[in-house]
Amino acid sequence: MSDASRADGDARPVGSDNRQAPKNFITGIIDADIASGKWGLWRADEIKPGGGQKPGAPKVCTRFPPEPNGYLHIGHAKSICLNYGLAAAYGGRFNLRFDDTNPAKEEAEYVESIKRDVKWLGGDYDGPLGGGVLFASNYFGRMYEFAQDLIRKGKAYVCDLSAEQVAQCRGIPQKPGRDSPYRTRSADESLDLLARMKAGEFPNGSRTLRAKIDMTSPNLNLRDPVLYRILHEEHHNTGGEWCIYPMYDWAHGFEDSIEGITHSICTLEFENHRPLYDWFIDAVNEGRSALRADASTHVGSASRPTRIHHPQQIEFARLNLNYTVLSKRKLIDLVQGGHVTGWDDPRMPTISGYRRRGYTPEAIRAFCDDVGVTRVNSVIDVGRLENAVRDDLNRRAPRRMGVLNPLKVVIENYPQGQAEHLPAVNNPEDPSAGTRPVPFSRELYIEREDFMEDPPKKYFRLAPGREVRLRSAYFITCTGIVKDADGNITELRCTYDPATRGGDSPDGRKVKATLHWVSAGHALDAKVHLLDRLFTTEEPGKRTGNYLDDLNPSSLSVARARVEPSLGAPAPDEPEWPDGIRRFQFERLGYFAIDPGGPAATSGGRSEAGLVFNRTATLRDTWAREAARA
RNA sequence: AGGGGAUUGGUGUAACGGUAGCACGACUGACUCUGGAUCAGUUAGUCUAGGUUCAAAUCCUAGAUCCCCUGCCA
């Protein structure tokens, strides 16, 4: 669906770049539907002005239907990419619809965060392919009419049983349930009671409206499911208008029906619900006249309305990641328990967390394409996500130098008080990125780990008497070590070879290592958040039953770094990132993004702390692997 | 008296009766002013047992294992 290799960095949404959606079993179903003409063709009057659908092309409509009761996470990203990507690949329509049927748990704040995250990811819900932002609550009136219709048809009844009694009557999978004593209540009485439930005459939990299906069905969802419950609760959209709210199962299929969704894509656990959704639509359609081909002019009549649209539900396996928790409950616990700083903590697997950490939407889309879409429960190695962001940033992120753990180096033969600016390549993957001047002087900092007094054989970096290259600068040779009273190395004395200016030796002599560095007098102070995985085990909680036991105590450590001065303000040749987040590769260290702060950030905001970076990902480090093996 | 799904290298995913392929990882090597990147190569798989067929990952039978379903959550 997306082209993660796009280098121009513009903000085109997923899939609008004419690439085919990755093939999977869902595209197979859609292709077959198109071949059979199942969903018909776009009519001109169905396409909004400027819409991306073509009249006469086969109709494909998808949607992303989140409940606004939390922030979106990487699992939702898979669904967004899938649904938007399908609409894009087939010239269809994509709706963002909030499933806001439970005001007790939903908040407007979440609506805003979800819109932002979907858009950032490329789900362009109000662009050419988008059907806009929609709400289930906008359909409450029609759903209520459908409920009345079922009551009149003898297919639903108001039940006075308590929640416990309903559960009791439902039975267990191996045993049939029992009918509610209210199952035979007259339609007129149910209609009256439902109206009074809606008006708020009864307390929460006192009655429900239930479908009259089959209390002996092996599918528990068909044992007279609850359609409406009484909830005296203010709704973010409808206010106090309703004292009853539809259950998800009752509402969801109608939401898709009303919006003309053709392919209603959801996760595997809803497969058992599909017969119920089909039953609801069929129950409404019973006795109605068929849609005609010229449906635009066919409105039916009051006594015999036309049938409602019957979407096709398709289930796929949700995303699972190792070293990660994705259940909404656990994410809420992490936030409310103070184990992270908020929903957008850069260690969180939320879209806003990844954004703040420096991940790009292109990388997340590439990852979603990469893992594919199937009906098989699987666990994806989180390393693949990390690789996706490395892969994207390697091509696009400008290189800079920063020293996380500084060790002072004095170049003894470099004139005191002198400084020069050496050109450094901005991106070896992209020659057009040019160069930038980097100041060099007598006193420098290098990474403490880049020096060893007594190095093992495979250690290539600086050591007494050894010559290495300073990236884009000079060859230097270590001539002395300065230690404090405790024997800690506090400073290195080196000499440089003026003939190697720029990093090349005219005599062809080789060095085995190139080090990053900064000029002590020119470098900027920066705070760097070194972020690591939030959990130390592949399946958090597997061992003890409590996932919090597997929290990684060192998921966040803070480094006081020294970085090159070009980082202070956006350089003119710095790439423009559509989301405004400045991302870099610190040479030999990894990818880092300037922390944009966030509503939940209590520390780490730029204003109070100066320059703050979040480490997006480390570079692959074969030396670390080698060292660990020894 | 249960019902619904799923099973291909370490991981993920193709192959829809006709050469088991791709990606990631791992391992070798080359190259390199990032121990990065890149390039070349190696590695390793059809849940089990029967059956149908010239031919089975694919069809049939039996079994195994895993996931989902007993909210007035979604």
Side-chain angles (χ1 to χ4, degrees), chain A residues 22-24 28 65-67 69 99-102 104-106 159 161-164 166-168 170-177 204-210 216-223 225-231 244-245 247-249 251-252 266-275 315 317 322 328-329 370-381 383-384 387-388 390-391 394-395 399 401 424-425 428-429 458-461 468-473 475 500 502-505 510-516 585-590 618-627:
Chain A
K23 290 287 172 215
N24 54 52
E67 183 190 16
N69 70 343
D99 218 319
D100 53 351
T101 56
N102 185 359
K105 292 188 176 174
E106 295 152 9
C159 179
L161 257 26
S162 70
E164 300 73 47
V166 168
Q168 198 61 232
R170 185 157 30 230
I172 58 171
Q174 292 77 10
K175 286 255 163 57
N204 288 354
S206 58
R207 286 179 228 267
T208 57
L209 181 73
R210 300 176 65 186
T216 68
S217 171
N219 182 344
L220 294 253
N221 297 126
L222 263 23
R223 319 244 264 226
V226 172
L227 273 27
Y228 278 95
R229 77 286 215 185
I230 299 172
L231 222 48
I244 57 172
Y245 289 94
M247 298 292 292
Y248 172 87
D249 276 345
H252 199 81
C266 65
T267 46
L268 251 23
E269 68 268 28
F270 292 105
E271 182 161 29
N272 292 334
H273 298 238
R274 180 158 29 109
E315 307 87 12
N322 59 10
K328 204 163 264 187
R329 193 214 102 218
D370 186 44
V371 302
V373 179
T374 67
R375 294 175 60 87
V376 185
N377 281 309
S378 58
V379 180
I380 308 293
D381 190 331
R384 295 177 80 123
N387 284 338
R390 285 190 186 104
D391 187 49
N394 175 52
R395 281 181 300 234
R399 299 321 97 130
M401 289 195 285
V425 170
E429 304 293 317
K458 285 173 133 177
Y459 186 86
F460 305 151
R461 283 112 97 154
V468 300
R469 172 170 36 234
L470 259 21
R471 175 76 162 156
S472 304
F475 285 13
T500 57
D504 287 308
S505 58
K510 300 281 188 204
V511 289
K512 292 191 81 175
T514 299
L515 270 38
H516 60 277
Q585 182 196 99
F586 286 0
E587 296 224 30
R588 304 207 307 134
L589 294 177
T618 60
L619 252 29
R620 281 182 65 189
D621 189 349
T622 51
W623 163 247
R625 195 159 49 206
E626 187 74 41

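First the proteins, then the strands, lettered A, B, ... as listed; each starts at 1.
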For atom C1', what is the distance between G45(B) and A14(B), given to the nearest Å? 13 Å
P gap between U13(B) and C47(B), integer Å: 14 Å
Taking any heavy-atom pair under 4.0 Å as a contact, classify [X]: base, sugar-phosphate, or nothing.
X         : result
Phe475(A) : nothing
Thr622(A) : sugar-phosphate
Arg469(A) : base
Arg384(A) : base
Ile380(A) : sugar-phosphate

Both distances under 3.5 Å, Watson-Crick or G-U wobble: report the partner of [N], or none.
N      : value
A56(B) : none
G17(B) : none
U48(B) : A62(B)
A26(B) : U42(B)

Between Glu315(A) and Arg274(A), is there a side-chain N and carboxylate O pair less than 4.0 Å apart? yes
May I ask you to say whether Arg625(A) pairs ionically with Asp621(A), meaning some side-chain N is under 4.0 Å from a carboxylate O? no
Is there a donor N/O on one and an acceptor N/O on the other, under 3.5 Å, for the side chain of Glu429(A) and the base of G36(B)? yes
Considering residues, nucleotides and ligands other than Gln168(A), do more than 12 of their heavy atoms fall under 6.0 Å from its CD? no
Would G71(B) be called syn or anti, given that syn covers angles within 90° of 0? syn
To the nearest angstrom, how far is Arg461(A) atom CZ from U34(B) atom C1'? 11 Å
